[in-house]
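Chain naming here is simple, since letters A, B, ... match the order of the sequence lines and numbering starts at 1 in each.
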Amino acid sequence: MTTATQPIHAPGAVRKDRNRPSRKWPMTVLGVVFLAIMVFPVYWMINSSLQANSGAVNTDWFPIHPTFAGYQAAFEQQSGNLLTSLIVSVSTVVLTLAVATPAAYGLARFKMRGMTGFVFVLLITQMIPTIVIANALYTLFNSLGLLNSYIGLILADSAAQIPFSILLMRAFMTSIPSTLVEAALVDGANNFRAFVSIVLPISKNAIITAALFAFLGAWGDFLFALTLTSTPDVRPITLGIYNYLGANVSQWGPVMATAVIASIPAGVLLVIAQKYIAAGALGGAVK
Amino acid sequence: MTSVSDMTPVDSRLDRGRRRTVSGGTEPRRKPRIGRYVARWLFVAPAVLFVLVFFGYPIVQNVMMSLQDYTTTTFYTGEAPWVGFANYVHVFTSPLFTTTVLNTALFTVGSIVCQFAIGLVLALFFKRHFPLGGFLRSLLLLPWLLPLIASAAVWKWILDQGSGALNQFLGLFGISPVPWLVSPSLALVAVIGVNIWLGIPFNTTILYSGLQAVPEELYEAASLDGAVGWKAFRYITWPSIRSVVGVVVVLGVVYTLKVVDIILGLTGGGPANSTQTLATWAYQSSFVQFLFGQGAAVSNLLIAVSLVFALVYLSMTRKEVDE
């Protein structure tokens, strides 16, 4: 997509000079230096997670004598929380897609009074601070008995993800040619059938992207977990990390190992999804 | 957008055709129309319900709570006496009020200005094609993989006074350990620094795509007229990306006002409230002191500020759509 702005080679000394690769290597060096600074915290997280004495003495700059004691401790203390995070995040993705996909289609295809207004409302919801929502949800969940429950956390996380998912998928679904859906309607399918058998398969990549964002949002959620749960029964990994930070930390190895573990699903998902999306785009181009 | 308006007339024509065949029977004439209307709204109804319960209700409930004496006992007795504007009076006269508002302003302005400036420089840097440029640019997004609270944990460890990596590094130059997160005069600076680090990938990515949209021919033509370097930036780049800049900055403000994770993870609002912002104060009032009425009052203050910037953003994007 970015290739659209590839320079058109006009005659002129300036262009030729700028394109000579030998002159560009200093830029690469500069880029590497800056990137090293930006990515250093990620490196330091991995480095410290492999050193048993992080915090007690000065940590080595490189994991020369790697140990997995930090990971062992992290798994012993956090495996339950990891499972909770997984259950909550996967359920959030399912609920978010179930609500957001039809809504995105409805908003993209039907132009009825109130629908433009609803899109406007969805944009506004993106800007409401989560703490404001949590403050009032606590009282609601308290009276409904949803505090410290999976369902409560899943509902809150889904609510936070649904508006963005709708906006994301709607943007794609408006580009589906209307003739495709109309052909199905002429063949006697109703709107729901047309949605399931035509719109959903076409929108596969947009749906996967929305699912990815919903998962990452729910997996990284901290504020709803902090405010809507108080017992260890339902405690996601983000709260596990936060509880480490509460007291004075003397052993950073397990904390950093937990942080690494908490970052892995995002990394794996992003790699998988990127391949998938790239393949989908290629397939579309060939057809 | 045009496809939507194209669709509707065709769609209604189809339905009219179908209605003619159906209305030959005993069915009342108006039913298919209402049925169609209901069927269409059914697609959107669950989402509307979610938004009403999880965004509409909380906003109304917050306004109500801010006018009540809402504390932990309320959850047992169900009694929350109306106290008028007492919560607001308490919030505005609290010695924390000035500190919090000032911290929020410093945190927001400091974060946005630096994020934007560094993001723009990086975007301009990566725009000049050089070996491995695309690869390095994609690596820049690596910090996004970490959940926010994990980033906070890593930075708390890096900024640790005793054996953190930053002080270890500064020690190589003979600088004595700096109490980054422990000193009330330094903690806010440290927290802003971490937030800048978090915002740079977003700013760089959006600004880079904005720069990509500037036609290369403009620069070619300008270079013939002698406009290169700073002049090219001043007269071509900046005017071309101004609308993107506006969106990045306003969205940045709205998102920065929301930040809670980073501050709670790094300092918990301390030491001595030196990193307390409106958002963390709302959290502390409600969920640490259990004064939900006051928490709601602070929340409403926060929402009022956010809403101003949200409206600025919406009017900007709408103008863009109109153009």
Side-chain angles (χ1 to χ4, degrees), chain A residues 2 5 7-8 10 14 21 24-25 27-28 31 35 38-39 41-42 44-45 55 58 99-100 102-103 105-107 109-112 121 123-125 127-133 135-137 142 159 162 166 174 178 182 185 191 220 222-223 227 238 241-242 245 252 255 259 262-263 266-267, chain B residues 3-8 10 14 39-40 43-44 46-47 50-51 54-55 58 61-62 75 128 130-133 136 139-140 142-143 145-150 153-158 163 165 168 212 216 220 223 254 257-258 260-261 265 279 282-283 286-287 295-296 299 302-303 306 310 314:
Chain A
T2 49
T5 48
I8 299 157
V14 185
K24 299 276 184 167
W25 281 106
M27 304 255 317
T28 307
L35 204 82
M38 277 300 288
V39 177
V42 181
W44 197 245
M45 170 179 80
N58 275 7
V99 173
Y105 174 66
L107 292 173
R109 180 160 166 77
F110 311 128
K111 209 168 195 183
M112 291 193 291
V121 170
L123 279 171
I124 290 273
T125 60
M127 306 179 175
I128 299 174
T130 318
I131 184 65
V132 179
I133 307 292
N135 197 41
L137 271 194
N142 182 58
I162 284 170
I166 295 178
T174 45
S178 52
E182 277 152 22
L185 291 178
N191 268 320
F222 164 70
L223 204 49
T227 52
T238 45
I241 295 175
Y242 180 65
L245 300 182
W252 282 95
V255 185
S263 310
Chain B
S3 55
V4 181
S5 46
D6 288 349
M7 252 179 248
T8 323
V10 181
L14 277 173
R40 288 179 167 190
F43 279 96
V44 190
F50 253 93
V51 170
F54 289 95
F55 292 98
Q61 172 72 358
N62 256 323
F75 294 118
R128 310 178 61 163
F130 57 89
L132 297 179
L136 291 178
L139 275 188
L140 191 65
L142 211 60
L145 293 183
L146 277 65
L148 276 181
I149 196 71
V154 176
W155 275 103
K156 188 168 182 167
W157 168 215
I158 290 176
S163 44
Q168 243 189 89
Q212 289 298 100
E216 195 73 22
E220 311 250 339
S223 70
V254 174
L257 286 170
K258 285 164 83 158
V260 177
D261 314 34
Y283 166 77
S286 290
F287 295 99
S299 290
L302 182 62
I303 225 171
S306 303
L314 288 171

Among B/Leu145, B/Leu146, B/Val154, find the one that has a side-chain contact (heavy atoms from CB on, under 4.5 Å) with A/Val42.
B/Leu146
For chain B, which candidate among A/Leu223, A/Thr227, A/Ile162 shows the most heavy-atom pairs at distances under 4.5 Å?
A/Thr227
Under a 4.5 Å cutoff for heavy-atom pairs, which residue among A/Pro102, A/Gly220, A/Gly267 has the most contacts with chain B?
A/Pro102
Counting heavy-atom pairs under 4.5 angstrom with chain B, the leader among A/Gly31, A/Gly106, A/Pro41 is A/Pro41
Is A/Ile128 close to chain B through its backbone or its side chain, or both, or neither, when contacts mean heavy atoms under 4.5 Å?
both
Tell me, out of A/Val39, A/Ile124, A/Asn142, who's got the most heavy-atom pairs with chain B below 4.5 Å.
A/Asn142
Taking every non-hydrogen pair under 4.5 Å, which of B/Gly295, B/Ser299, B/Ala310 racks up the most with chain A?
B/Ser299
Proximity breakdown for A/Ile133 and chain B, heavy-atom pairs closer than 4.5 Å:
both
Is any side-chain heavy atom of B/Phe287 less than 4.5 Å from a side-chain heavy atom of A/Ile131?
yes
Tell me, out of A/Thr130, A/Leu137, A/Thr125, A/Asn135, who's got the most heavy-atom pairs with chain B below 4.5 Å.
A/Asn135
Gap between atom CG of B/Leu139 and atom CE of A/Met38 - 0.5 Å precision:
11.5 Å
Applying a strict 4.5 Å limit to non-hydrogen atoms, the region of A/Ala100 in contact with chain B is neither
Please name the pair of heavy atoms, one in B/Lys156 and one in A/Leu245, separated by the smallest distance, quoted to 0.1 Å.
NZ-O, 3.2 Å
I'd like to verify something: which residue of B/Leu148, B/Leu136, B/Val260 has the highest number of heavy-atom pairs under 4.5 Å with chain A?
B/Leu136
Verify, without hydrogens or angle tests, whether B/Asn62 (side chain) and A/Val132 (backbone) share a donor-acceptor contact under 3.5 angstrom.
yes
Less than 4.5 Å apart, side chain to side chain, heavy atoms only: is that true for A/Val121 and B/Val51?
yes
Between atom CE of A/Met45 and atom CD1 of B/Ile158, what is the distance when rounded to the nearest 0.5 Å?
10.0 Å
Residue among B/Ala150, B/Ala279, B/Gly265, B/Ala153 with most heavy-atom pairs under 4.5 Å to chain A:
B/Ala153
Considering only heavy atoms, which portion of B/Leu257 lies under 4.5 Å from any heavy atom of chain A: side chain, backbone, both, or neither?
neither
Straight-line distance of B/Ile149 CD1 to A/Phe222 CZ, nearest 0.5 Å
4.0 Å
